[in-house]
Protein chains: 2
Amino acid sequence: MLVDEMKEMPLEDDIYLVAELYKNFADMTRVKILYALTISEMCVNDLSEMLEMSQSSISHQLRVLKQARLIKYQKKGKNVIYSLADDHVKLLLDQAYEHIKE
Amino acid sequence: MLVDEMKEMPLEDDIYLVAELYKNFADMTRVKILYALTISEMCVNDLSEMLEMSQSSISHQLRVLKQARLIKYQKKGKNVIYSLADDHVKLLLDQAYEHIKE
DNA sequence: ACTATATATGAACAGTTGTTCATATGAAAG
DNA sequence: CTTTCATATGAACAACTGTTCATATATAGT
């Protein structure tokens, strides 16, 4: 038995944060965007074409992911290049992928 | 560079499953239930009291988690004892916890 | 300054979700 | 077999979410 095994509930605030984090992954469009960005950083239009979805829809969802700090962006001329905020994001995707493939 | 690094989008169906999986974790009540069950298996009334929520609400959410195969149950007299389906579930919780604590 | 291109944003709307309330089911005890 | 306790379920409703459409902002090129 591991010493650090959990035997108590986490704090309400932490549970809130966990649920909020997972909400970002609870929609196909956002998961697609995140997967796309694991392949390569991309501008809004690239994402829009690659995922065959309206620019507006992509843009709205990018805002959600941005606010959750799962992605970051950098302006380049007329474009805005989005990329994953860190490796943790891919880890979360991979973990889910493993789960559904078991 | 890792050999198995992803350079393609997963299939639409797999993305759907990933999003569906994460939906289960995208609600505080369900996350609370799952955390509670990492501590110990429990009947509906235990959960209801522990989380200070109505029996009906807990029962509805247990159904969702059951359908997602994240929990299993076993009847014991008048009670129904719920427990986590497998270790993977705790892993998914832990991963999120790490993320919010970084 | 004007035009074209890229992105962001707000309102509106439909679809989904989580809770409550009332009630049903089911099992055990008397 | 009736009562009690534990759980499940359905309808109703409010809140939330994701898309579309229209429009705003911003940058680059002419």
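Just the heavy atoms: all of them, side chains too, but no hydrogens, waters or symmetry mates, feed the values below. Since the model is a prediction, treat every value here as computed from it, not as a measurement.
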Under 3.5 Å, side-chain donor or acceptor atoms of residues 54-69 of chain A against the rest of the protein: list the pairs with distances, not counting sequence neighbours.
from	atom 1	to	atom 2	distance (Å)
S54(A)	OG	S57(A)	N	3.0
Q61(A)	OE1	R30(A)	NH1	2.8
K66(A)	NZ	Y82(A)	OH	3.4

Gap between atoms CZ and P, on R63(B) and dT17(C) respectively (whole Å): 12 Å
Atom-pair distance (CD on Q74(A); P on dA6(C)), nearest Å: 17 Å
Test log, rule side-chain contact (heavy atoms from CB on, under 4.5 Å), inputs T38(A) and V89(A): CA-CA 9 Å; T38(A) 64; V89(A) 178; 6.0 Å; no
Sequence-distant partners of E20(B), salt bridge (Lys or Arg N to Asp or Glu O under 4.0 Å), two or more places apart: K23(B)
Common cluster, I100(A)/Y16(B), ILVMFWY with side-chain heavy-atom separation under 4.5 Å: yes
Close approaches to DNA chain D from residues 13-33 of chain A, in residue order (heavy atom, under 4.0 Å): D27(A), T29(A), R30(A)
Side chain N79(B), main chain I81(B), donor-acceptor under 3.5 Å: no
Salt bridge (Lys or Arg N to Asp or Glu O under 4.0 Å) partners for D14(A), two or more places apart: K101(B)
Closest heavy-atom pair and its distance - M53(B), S48(B): O-OG, 2.6 Å
Whole-Å distance separating the NE2 atom of H60(B) from the P atom of dG18(C): 11 Å
Parallel, tilted or perpendicular: ring planes of F25(B) versus Y22(A), cut at 30 and 60 degrees: tilted
Interatomic distance, E12(B) atom CD to L17(B) atom CG [nearest 0.5 angstrom]: 11.0 Å
Same apolar cluster (I L V M F W Y, side chains within < 4.5 Å links), I39(B)/L37(B): yes
Heavy-atom pair with the smallest gap, counting every atom of A96(A) and V18(B): CB-CG1, 3.9 Å
Positions of residues 43-56 of chain B (non-hydrogen atom under 4.0 Å from DNA chain D), listed by number: C43(B), V44(B), N45(B), Q55(B), S56(B)
Pairwise 5' ranking along DNA chain D for I58(A) and G77(A), keeping only the more 5' one: I58(A)
Gap between atoms CG and P, on N79(B) and dG26(C) respectively (whole Å): 17 Å
Opening and closing nucleotides of DNA chain D in contact with chain B, under 4.0 Å to non-hydrogen atoms: dC5(D) to dG10(D)
Rounded distance in Å - CG (L62(A)) to C1' (dA6(C)): 13 Å
Side-chain N,O (Y82(A)) to OP1/OP2 (dA8(C)) below 4.0 Å: yes
